[in-house]
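Here the structure is a predicted model, which means the values were calculated and not measured.
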Amino acid sequence: NPYYDGTFVFDNDFPALQPDAPNPGPSDHPLFQAEAARGVCKVMCFHPWSDVTLPLMSVPEIRTVIDAWASVTEELGARYPWVQIFENKGAMMGCSNPHPHCQVWASSFLPDIAQREERTQRAYQSQRGEPLLMEYGHQELLRKERLVLTSEHWLVLVPFWAVWPYQTLLLPRRHVRRLPELTPAERDDLASIMKKLLTKYDNLFETSFP
């Protein structure tokens, strides 16, 4: 890679998805259907230093990462219906690269879980007139049973449906559908609450949390 002094995005050398994936061709039976899974895979390094994870970065540095997330979401979202940003951190999670980074996958299809969540949330809003996660966040604020952190624009809570140990959910207080829609104030606040949450994880386990 070229020299960089901040957040750096580049194409994955070993992508799981490619924009020119070949079409498998017609099927001779309805039980044997296949379609090409096309897309783009990118890698985003958070910081030029290999030993600086997100909770060790300053709030302005984390804000730069959030801006990069929003930018790549907008860029790839113009061409693909699904853009997913995720981090596999640490050897325990099967991460082969110790440099602090995340991955960005854009695909020509919606994953199954995303499709189910989309249907469920649309059905709830149609029946109740309120976005599901907005109403859920409001209820958690009233009950105060699972709140971990709160700020002006964000909530961190243990979801009622949690299936993983130490699982948390980060929700905006305003109805925001995509990262590019966040205001500058919401992005600043997101950087701050992310640093607090990730620092709590590291302090709890006395190591860099996977």
May I ask you to test the [X]-[Y] pair for a side-chain heavy-atom distance under 4.5 Å?
| X | Y | value |
| --- | --- | --- |
| M57 | V65 | yes |
| D67 | T7 | no |
| L157 | Y136 | yes |
| F160 | E145 | no |
| L182 | H153 | no |
| L56 | D51 | no |
| W154 | S192 | no |
| M194 | I66 | yes |

Picking from R173, R63, R174, what satisfies salt bridge (Lys or Arg N to Asp or Glu O under 4.0 Å) with E186? R174
Who are the ring-ring contact (aromatic ring centres under 6.0 Å, His included) partners of F32, not counting sequence neighbours? H29
Mark yes or no for whether [X], through its side chain, and [Y], through its backbone, hold a donor-acceptor pair below 3.5 Å.
| X | Y | value |
| --- | --- | --- |
| T64 | P60 | yes |
| Q115 | L110 | yes |
| Q167 | V163 | yes |

Search all heavy atoms of [X] against all heavy atoms of [Y] and return the closest pair with its distance.
| X | Y | value |
| --- | --- | --- |
| P131 | Y124 | C-CD2, 4.4 Å |
| L197 | L149 | N-CD1, 3.7 Å |
| C45 | H101 | CA-CB, 4.0 Å |
| S108 | Y80 | N-CD2, 3.9 Å |

Steps toward side chain to side chain contact (heavy atoms under 4.5 Å, CB included) verdict (L155, E140): CA-CA 9 Å; L155 308 174; E140 290 288 16; 5.7 Å; no
So E135 and R128, salt bridge (charged side-chain N to carboxylate O under 4.0 Å, His left out) or not? Walk me through it. CA-CA 10 Å; E135 172 62 17; R128 306 294 293 267; 5.5 Å; no
Of all pairs that satisfy side chain to side chain donor-acceptor pair (under 3.5 Å), the ones with a partner from residues 32-50, not counting sequence neighbours: D11-K42, H47-E61, S50-H99
Residue pair L198, I62: steps toward the side chain to side chain contact (heavy atoms under 4.5 Å, CB included) verdict: CA-CA 12 Å; L198 297 174; I62 299 173; over 6 Å; no
Working to the nearest 0.5 angstrom, can you tell me the gap between L141 CG and R146 CZ? 12.0 Å
For L204, does the CG atom sit with more than 12 other heavy atoms under 6.0 Å from it, leaving out its own atoms? yes
Take W161 and L169 through the test side chain to side chain contact (heavy atoms under 4.5 Å, CB included) and record every step on the way to the result. CA-CA 10 Å; W161 56 87; L169 177 66; 3.8 Å; yes
